[in-house]
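What follows is a single structure, written as structure tokens, with notes after it.
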Amino acid sequence: MTERRILVTSALPYANGHIHIGHLVEYIQTDIWVRFQKLRGHRCVYMCADDTHGTAIMIRARREGRTEEEVIADMQKAHVADFAKFDIEFDNYGSTNSDENRILCEEFWQAVNDAGLVTEREIEQFYDPDAETFLADRFVKGTCPNPKCGATDQNGDACEKCLMTYSPEDLIDPYSTLSGGKPELRKAPHKYIQLEKLHGFLDEWVGSGEHLEPEVANYLKGQFLSDELRDWDVTRPPKYFGFEVPGFPGHSWYVWFDAPIGYLASTRQWCDRTGEDFDQWWKNPDTEIHHFIGKDITYFHTLFWPGMLKTAGYNLPDRVHIHGFLTVNGEKMSKSKGTFVMASTYANHLPPEAIRYYYASKLGPGLDDLDLEAAEFVAKFNADLVGKVVNLASRSAKFVSEQSLSESYPDDGGLFVAAAEKGEVIAEAYERGNYNGAMREILLLANAANEYIDRMEPWVLRKDPEKAEEVREICTVALNLFRQITLYLSPVLPQLAKQTGELLNNPIERWDQSQTPLTGTPVSKFQHLMKRIDEKQVQAMVEESKEDNAADAAPAGDSAEAAAPAEPDFHPADTWKDSGAALEAEPMSEECTIDDFFKVDLRVARIIEATHVEGADKLLGLTLSLGGGETRNVFAGIKAAYEPEKLVGRLVICVANLKPRKMKFGLSEGMVCASGPGKSEVFLLSPDEGAVPGQRVH
RNA sequence: GGGGCCAUAGCUCAAUCGGUUAGAGCAGCGAACUCAUAAUUCGUUGGUUGGGGGUUCAAGUCCCUCUGGCCCUACCA
């Protein structure tokens with residue numbers, strides 16, 4: 001195998017927020033790939049950095065009364081600490097707000113200017129005089145200009161109510177979300193990169209079939225390359241937290257200009273620290289560049305970024321690995337449901353191995369979204385890793401504990417050799433990002449190993465002192481198969497690999513160790529390698545996330561405001577602003593399917609008789625007609641709220657197929673639908689004019 | 001409005017270039033075992049591959065169409 005030189009990056013996390021479990025999909029995915037390449041003996045480095053520039057950071061710093069530098073320094077510390085908790089190991093973790101990055105930005109800028117790609121235009125945009133900054137569309141809100149709509153608090157680009165699109169300048173009574181003040185229109189010059197001039201190159205790069213999954217290439221061809229590429233606005237007028245553009249005083253590069261250059265800047269930092277040659281990594285065609293990103297930033301990494309690299313004379317990405325989003329229980333992560341889980345919150349409750357393995361077992365090469373489901377998460381970890389893999393050591397190591405493995409590898413019926421041969425299939429799956437396939441293959445090996453132990457029954461042989469050597473041989477096989485499996489899993493589970501190395505007194509360092517059995521080494525005293533997890537831990541994590549998010553929801557930085565109860569967030573069209581008390585008193589049930597709903601047969605019914613029930617405090621006896629002579633006798637707990645005589649003749653909604661229930665006063669054959677907390681506060685449902693008894697409610 | 005992707009067992013996913021009877025795991029059911037963290041092993045139930053049409057000797061796979069879902073865009077990129 002020839003040694004490859006590979007430089008890998010993950011997208012740079014933004015310095016305005018903490019790492020959450022959605023981010024982790026990407027960093028874990030990348031870390032696994034990097035560990036895999038290193039294990040294979042390739043020269044591979046993993047570069048990342050914090051993305052620090054932009055309006056959001058500037059505003060936050062002001063709000064907190066600190067400098068931007070203080071804000072981003074704190075956040076970087078937090079990010080680095082979070083990643084470490086999950087065994088995500090960077091070769092260098094830098095910052096886009098570094099000298100290295102500024103120098104490289106200037107170099108790229110020179111290159112795009114020299115190539116004649118830069119043009120300048122003046123544009124008119126809203127400006128917030130209080131915040132002293134221009135406002136991107138998302139920082140302007142106002143009243144929808146559609147005369148038929150007029151919804152308030154709409155975003156600068158489109159109305160959520162009537163779906164009309166417009167420019168921020170069209171809004172009636174616009175206001176800045178930064179200061180709340182009224183913005184004014186101002187003109188400012190912007191520099192643009194004419195990407196269209198690189199159209200031919202990009203067609204070729206995207207179309208080559210080597211750098212992108214076909215579905216991504218199709219998307220780019222359909223969405224962008226089929227048309228003229230628009231100029232890219234890469235500078236921002238003051239004030240903006242970023243690097244000043246040479247020859248353009250006061251103006252900064254847009255955050256998306258300097259962010260990807262941060263990949264190089266981080267590499268530069270690493271080279272300066274380690275004495276590596278920067279050009280060997282970024283200007284050597286033999287070096288492979290691999291970017292891992294989420295599908296939301298595809299555009300930047302597949303059109304703009306290759307264009308920049310090409311123009312500046314650097315290596316182009318060999319592959320852009322694009323993943324989907326994380327959903328939790330099939331939905332977007334939700335703060336109110338507690339499924340928006342910060343990495344640090346996760347780490348308070350659950351082991352990093354669990355989420356590393358879970359993501360690995362779900363990730364494929366494509367950009368499908370990945371769903372995290374509590375029960376499946378717990379089951380996979382316990383069943384696959386504890387039950388199948390770790391169990392191999394657990395059921396064999398103690399028989400040879402503090403002895404050593406056999407001096408020569410015994411006959412195992414070809415198991416070790418078969419698993420060694422599987423190594424290439426597994427490696428190929430890792431290489432392609434098909435971790436899900438790799439995990440499946442590895443688990444099959446664990447299955448075979450468990451079968452072997454079952455078949456050999458060392459616990460039976462052990463009772464016969466004369467068969468001690470045989471037991472030792474069986475355990476030598478079992479532990480070798482176990483070691484082989486943990487080696488294959490080691491990119492995903494570095495801790496387990498390390499523990500296995502300690503158990504067998506031979507560290508796992510190279511992939512090819514999977515090809516040769518280990519013999520003669522001492523076996524350490526066995527100790528638990530992994531602890532089972534419980535769904536309760538997941539629930540506790542969700543609860544803590546709810547609390548975190550409730551705390552976050554209060555305005556930060558001002559303790560007086562923070563103490564006040566949070567304002568409910570009403571829909572713009574909601575002029576009634578009803579209290580949330582009822583919903584809070586009786587929270588929403590879990591989701592049901594349409595089939596679940598159809599089990600309940602709701603019908604319009606007419607009350608044809610209503611009587612007091614002798615001896616009942618709360619009940620009225622109702623006779624309901626479904627029409628055509630079909631009737632139901634129903635006892636309803638509505639006596640405190642309704643007088644029987646006033647009910648006769650009116651239409652209600654009843655559950656017509658409810659299993660009849662025997663009561664003290666007779667048989668109740670259904671129920672009538674009503675809302676309210678009870679007692680006198682009961683409100684019967686009735687259909688609108690025109691409904692007739694017997695109609696089903698859909 | 002324009003564009004991309006997806007739909008396979010109750011759930012999560014496989015199925016090479018179009019090629020035998022569409023396979024695993026989990027869950028379910030039935031056994032065995034008792035070394036192991038209530039772990040393991042064996043057997044078994046479960047499918048009109050979202051609907052319809054077409055191409056082909058052959059379609060989960062290719063083409064058309066409908067339905068449902070996700071995402072990107074909508075004259076910012």
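Just so we're on the same page: letters track the sequence lines, and every chain starts at 1.
Evaluation of the salt bridge (Lys or Arg N to Asp or Glu O under 4.0 Å) test over residues 451-463 of chain A, restricted to residues two or more places apart or in two chains, returns A:Arg395-A:Asp454.
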> Do A:Asp371 and A:Lys362 pass the salt bridge (charged side-chain N to carboxylate O under 4.0 Å, His left out) test, and can you show the C-alpha distance, the side-chain angles, and the key distance before you say yes or no?
Replying inline: CA-CA 8 Å; A:Asp371 190 46; A:Lys362 306 271 286 190; 5.9 Å; no

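Residue-to-nucleotide proximity on RNA chain B shows that, of A:Asp384 and A:Tyr299, the 5′-proximal contact is made by A:Asp384.
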> Could you run down nucleotides 7-16 of chain B 5' to 3' and tag each one B, S or - for protein heavy-atom contact under 4.0 Å?
Replying inline: -----SSS--

> Can you give one letter per nucleotide of nucleotides 28-38 of chain B, 5' to 3': B if a protein heavy atom sits under 4.0 Å from the base, S if only from the sugar-phosphate, - if neither?
Replying inline: ------SBBB-

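Taking the six-membered ring for Trp and the full ring otherwise, the centers of A:His53 and A:Phe243 sit less than 6.0 Å from each other.
Here the separation of B:C75 from B:U65, taken at their P atoms, is 28 Å to the nearest Å. As rounded to the nearest Å, B:C5 and B:U41 have P atoms that lie 40 Å from one another. If you take atom C1' in B:G28 and the same atom in B:C72, they sit 41 Å apart, rounded to whole Å. Comparing the C1' positions of B:G52 and B:C11 gives a spacing of 28 Å, expressed to the nearest Å. Remark: the separation of the P atoms in B:G47 and B:A36 is 40 Å, to the nearest Å. Nucleotides B:G53 and B:U48, compared at atom C1', are 16 Å apart to the nearest Å.
Applying the ring-ring contact (aromatic ring centres under 6.0 Å, His included) rule to A:Tyr127 yields the partners A:Phe134; only residues at least two apart in sequence or on another chain are considered. The ring-ring contact (aromatic ring centres under 6.0 Å, His included) test applied to A:Tyr240 returns no partner, not counting sequence neighbours.
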>> For Watson-Crick and G-U wobble pairs within 3.5 Å on both distances, what is RNA chain B written in dot-bracket notation, | included for inter-strand pairing?
In response: (((((((..((((.....[...)))).(((((.......))))).....(((((..]....))))))))))))....

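Taking the centre and axis of the six-membered ring of A:Phe526, the NZ or CZ atom of A:Lys398 falls outside the cone set by 45° and 6.0 Å.
As rounded to whole Å, 10 Å separates atom P of B:C5 from atom CG of A:Leu367. Computed from coordinates, the A:Arg121 CZ to B:C76 C1' distance equals 11 Å when rounded to whole Å.
Contact annotation for A:Asn447: backbone-only contact, meaning every heavy-atom pair under 4.0 Å involves sugar-phosphate atoms and none involves a base. Using a 4.0 Å heavy-atom cutoff across all strands shown, A:Lys221 reaches no nucleic acid atom at all.
Look at A:Asn218 and you won't find any side-chain N or O under 4.0 angstrom from OP1 or OP2 of B:G3.
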